[in-house]
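So you know, we letter chains A, B, ... as the sequences are listed, proteins then strands, and number each from 1. Values below: all heavy atoms of this structure, side chains included; hydrogens, waters and symmetry mates excluded.
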Protein chains: 2
Amino acid sequence: MCAWHFSGEQRCLNSELWHACAGPLVSLPAVGSRVIYFPQGHSEQVAASTNKEVDSQIPNYPNLPPQLICQLHNVTMHADAETDEVYAQMTLQPLSPEEQKEPFLPIELGAASKQPTNYFCKTLTASDTSTHGGFSVPRRSAEKVFPPLDFSLQPPCQELIAKDLHDNEWKFRHIFRGQPKRHLLTTGWSVFVSAKRLVAGDSVIFIWNDNNQLLLGIRHANRPQTIMPSSVLSSDSMHIGLLAAAAHAAATNSRFTIFYNPRASPSEFIIPLAKYVKSVYHTRVSVGMRFRMLFETEESSVRRYMGTITTISDLDSVRWPNSHWRSVKVGWDESTAGEKQPRVSLWEIEPLTTFPMYPTAFPLRLKRPWASGLPSMHDMFNGVKNDDFSRYSSLMWLGDGDRGAQSLNFQGVGASPWLQPKM
Amino acid sequence: MCAWHFSGEQRCLNSELWHACAGPLVSLPAVGSRVIYFPQGHSEQVAASTNKEVDSQIPNYPNLPPQLICQLHNVTMHADAETDEVYAQMTLQPLSPEEQKEPFLPIELGAASKQPTNYFCKTLTASDTSTHGGFSVPRRSAEKVFPPLDFSLQPPCQELIAKDLHDNEWKFRHIFRGQPKRHLLTTGWSVFVSAKRLVAGDSVIFIWNDNNQLLLGIRHANRPQTIMPSSVLSSDSMHIGLLAAAAHAAATNSRFTIFYNPRASPSEFIIPLAKYVKSVYHTRVSVGMRFRMLFETEESSVRRYMGTITTISDLDSVRWPNSHWRSVKVGWDESTAGEKQPRVSLWEIEPLTTFPMYPTAFPLRLKRPWASGLPSMHDMFNGVKNDDFSRYSSLMWLGDGDRGAQSLNFQGVGASPWLQPKM
DNA sequence: ATGTGGGCAAACAGCCGACAA
DNA sequence: TTGTCGGCTGTTTGCCCACAT
């Protein structure tokens, strides 16, 4: 299950800590569930990691569709041994049309949020990272996350032992002193700072988990140009490799393995099938529509930004025609949101549906959409002609049959037999 | 010429220093010359860099021969920004059969040894790397490489400024003191040690070049398990990527780019065509034959080890049949040579020819072997049937025509029209 | 409530020759 | 010839509080 052949990592990482470091918006699909894999999005991540855009000389893989429906066989969480940057390794297997049509399992519908509850995240100040002093713990955070101090001591203090992602232990002297009184980590702190190469602006995350263990993660600030180009393989060969690996796996229905670096690039290129189906086939979007979208804040929580859909079109109509990857061009309400991405995918946004949804115009219980006689998802993904694509802008993108019923808005997980758990 | 798009490196590295760090056995073919590229050897390097053997599930590329004759369009020398590990980027273009047959250019025959002459290499001791003291310079090395001290000073001392591979300057106080007197680097040394993360066992190289500049390189000792698996792409996808990139380039005669890491793995997978032709077509080898081979010593010089050829056969007869890559299985004379590779390629060894070479049995001046009517090199490489391969063990491996003349031993560059410079 | 800076003591870095291998 | 050590000093680390925001 957590087999890992590389030298650096031998066992499973702590899942809570991994998710805390990955951030509140990152979730990993459940093992055994079906997911959609976007080679296009994977390509974006590789481009970001190698600091090199896709070369136009890279051959096309005409048999590789812009999205593959896969079963997720294995997920392992990892962290770079040098930088502690979190990433996940996933083993995927493209599914046959029959397997694609299977009803959803309960596991595929659960939205398991693995974010820990008892934790705090602090962005380090210049004083926190200087050799002159220790770490100033925000009062509420210390009271919430650290074990209570014995205030009969003068000054009150204790030793904290925290484990990082690699299961290394770090010891800190936790003391409550100064005028006014405050929580500080002194002895042991500077060793940690230099070992993790933390600078002002980076963040630390302390978690008190259910086993009464203290966990400690870090998040380096997004310093530009820290990504090293690999000297193993040229970026072109890497791009070709990811495409050829996916194409080969798709052609033979065999497994392939990818790395997902949630913080290296904002490219979530593997998403649960249920989430995809819901957003693509059961949500109406159109140009001019208003929507909300979640973003991560500095303090590792979330806030919503609002925007308007301006265009719905292919991101790359040459290489990836008829792809849902970042098919929605948007404008953001706040001018401070200037560096937000101008293109998003349907499943990332939350449309504000202000017009009626024909709640009773059609029967609520639908036929199973992938039953025989109807086009399979495989057909829908791969067999769409370009002129079909125009429907995109005002209607949903659908297979040729059963258009009326399928254009119904999605009414919630429990109400739809599409997402009914298999008994 | 030295265009480089990555962020870390903007200009050409110092060639002398690069070669000194790469070691005396590493040479880069000349720009514009023809080379042989072995995907199999490239695959070995990727396997070593990812700590992962080639998976048997990786698809075969039946149209990719085990060696490609390419023109070398571009070579740039690089060093890892973190570790200073040297590597080269090369742009190759597979050649058409006609281009393969062209006579050799002068540039393709010159064996340019770029090793600097005025340099020294020292393996660091515990004292050299401790914070307690400086660097003890071996007396002969200091006298040979450093500018002479003014011995009228008490004590004699000067400031040395040395440039590393990234053109960073390092300043050292060079002093001659102690009882007995010795050369030491004091102020500035520990900054260098900690910046380069040197530990006892690593080496430093000082070069005094023809422009009266002091150059300074490092070589980390081969600490096992230092190689990080990349979290960008799975090792399987990397393998597929290198094969697919080579296959695509071969099919379209277009350029592709590789990285050559001479110190990451002993896999010299790009060699000059002239060297290949000489060793494969103009040197007799047979089972039982004795040979010498060069190896690098601790002090960055070379010594010869002797061995005996035990078998001549495919390294991987399934994936790479009829490949010359490591086709020679050998035994080494010295028992201390236990961890030397058991398989070598023909061009790596120097056979000790103890039997007569028919010096006069055939005319010395040969027909041009790739003239029309004879099999082209392309035919020879790709069209060989398996039963032809048996000749390997006692005779040279040849095309079907003109066997008598071609089985002549190679008589030296100047004597053979094969290697005659084009006028 | 918490970031920064001065004061201070302890630890470390780093230069020296002595000595031994 | 050169690796390591004890002695010695100057610098840095790091704990404490005061003060400002």
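Of the candidates dC16(C), dC15(D), dT13(D), the closest approach to any side-chain atom of Ile175(B) belongs to dC16(C). Closest to the side chain of Thr186(B), out of dC19(C), dC19(D), dC15(C), is dC15(C). Picking from dT4(C), dG14(C), dC16(C) the nucleotide with the shortest atom distance to the side chain of Ser190(B) gives dG14(C). Comparing atom distances between the Lys122(B) side chain and each of dC19(C), dG3(C), dG3(D) picks out dG3(D) as nearest. Of the candidate nucleotides dG3(D), dC15(D), dT4(C), dC15(D) has the atom lying nearest to any side-chain atom of Thr187(A).
At least one side-chain nitrogen or oxygen of Arg177(B) sits closer than 4.0 Å to the OP1 or OP2 atom of dG17(C). An OP1 or OP2 oxygen of dG3(C) is reached within less than 4.0 angstrom by no side-chain nitrogen or oxygen of Arg139(A). Between dT2(C) and Ser136(A), no contact under 4.0 Å exists linking OP1 or OP2 to a side-chain N or O. When the side-chain nitrogen and oxygen atoms of Ser127(B) are compared with OP1 and OP2 of dT4(D), one or more of them lie within a distance under 4.0 Å.
One interatomic measurement links the two molecules: CZ of Arg173(A) to P of dC15(D), which rounds to 8 Å at whole-angstrom precision. Taking atom CG of residue Leu124(A) and atom C1' of nucleotide dT2(C), one finds them 14 Å apart after rounding to whole Å. Atom P of nucleotide dT2(D) and atom CD of Glu299(B) are separated by 13 Å, given to the nearest angstrom. Atom CG of Asp128(B) and atom C1' of dT4(D) are 11 Å apart (whole Å). With rounding to whole Å, Phe135(A) atom CZ is found 10 Å from dT2(C) atom P. In this structure, the CH2 atom of Trp189(B) is 12 Å from the P atom of dG3(D), given to the nearest Å. What separates CD of Gln179(A) from C1' of dC15(D) is a distance of 16 Å, to the nearest Å. Straight-line distance from the CZ atom of Phe176(B) to the P atom of dC16(C): 14 Å, rounded to whole Å.
The residue Arg140(A) sits apart from the nucleic acid: no heavy atom pair falls under 4.0 Å. When heavy atoms are screened at a 4.0 angstrom cut-off, Thr131(B) is found touching base atoms of the nucleic acid.
Aromatic rings of Phe172(A) and Phe135(A) (six-membered ring for Trp) have centroids beyond the 6.0 Å cut-off, not under it. Taking the six-membered ring for Trp, Phe151(A) and Phe176(A) have ring centres closer than 6.0 Å.
Along DNA chain C, the nucleotide closest to Leu185(B) and the one closest to Pro180(B) are compared, and the more 5′ of them pairs with Leu185(B). Comparing Gly178(B) and Pro138(A) along DNA chain C, the residue whose closest nucleotide (by nearest heavy atom) sits nearer the 5' end is Pro138(A).
Residue side chain Arg182(B) does not reach the base of dG17(C) through any donor-acceptor N/O pair under 3.5 Å, judged by distance alone. No hydrogens or angles were tested; on distance alone, a donor-acceptor pair under 3.5 Å links the side chain of His132(B) to the base of dG6(D).
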Under the side-chain contact (heavy atoms from CB on, under 4.5 Å) criterion, do Asn261(B) and Gln45(B) qualify, and how do the steps go?
-> CA-CA 8 Å; Asn261(B) 291 41; Gln45(B) 179 182 280; 3.7 Å; yes

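Salt-bridge annotation for Arg219(A) and Glu296(A): present, with a side-chain N of the basic residue lying under 4.0 Å from a carboxylate O of the acidic one. Under a 4.0 Å N-O distance rule, the pair Lys196(A)/Asp164(A) qualifies as a salt bridge.
Gln154(A) CD: more than 12 foreign heavy atoms inside a 6.0 Å radius.
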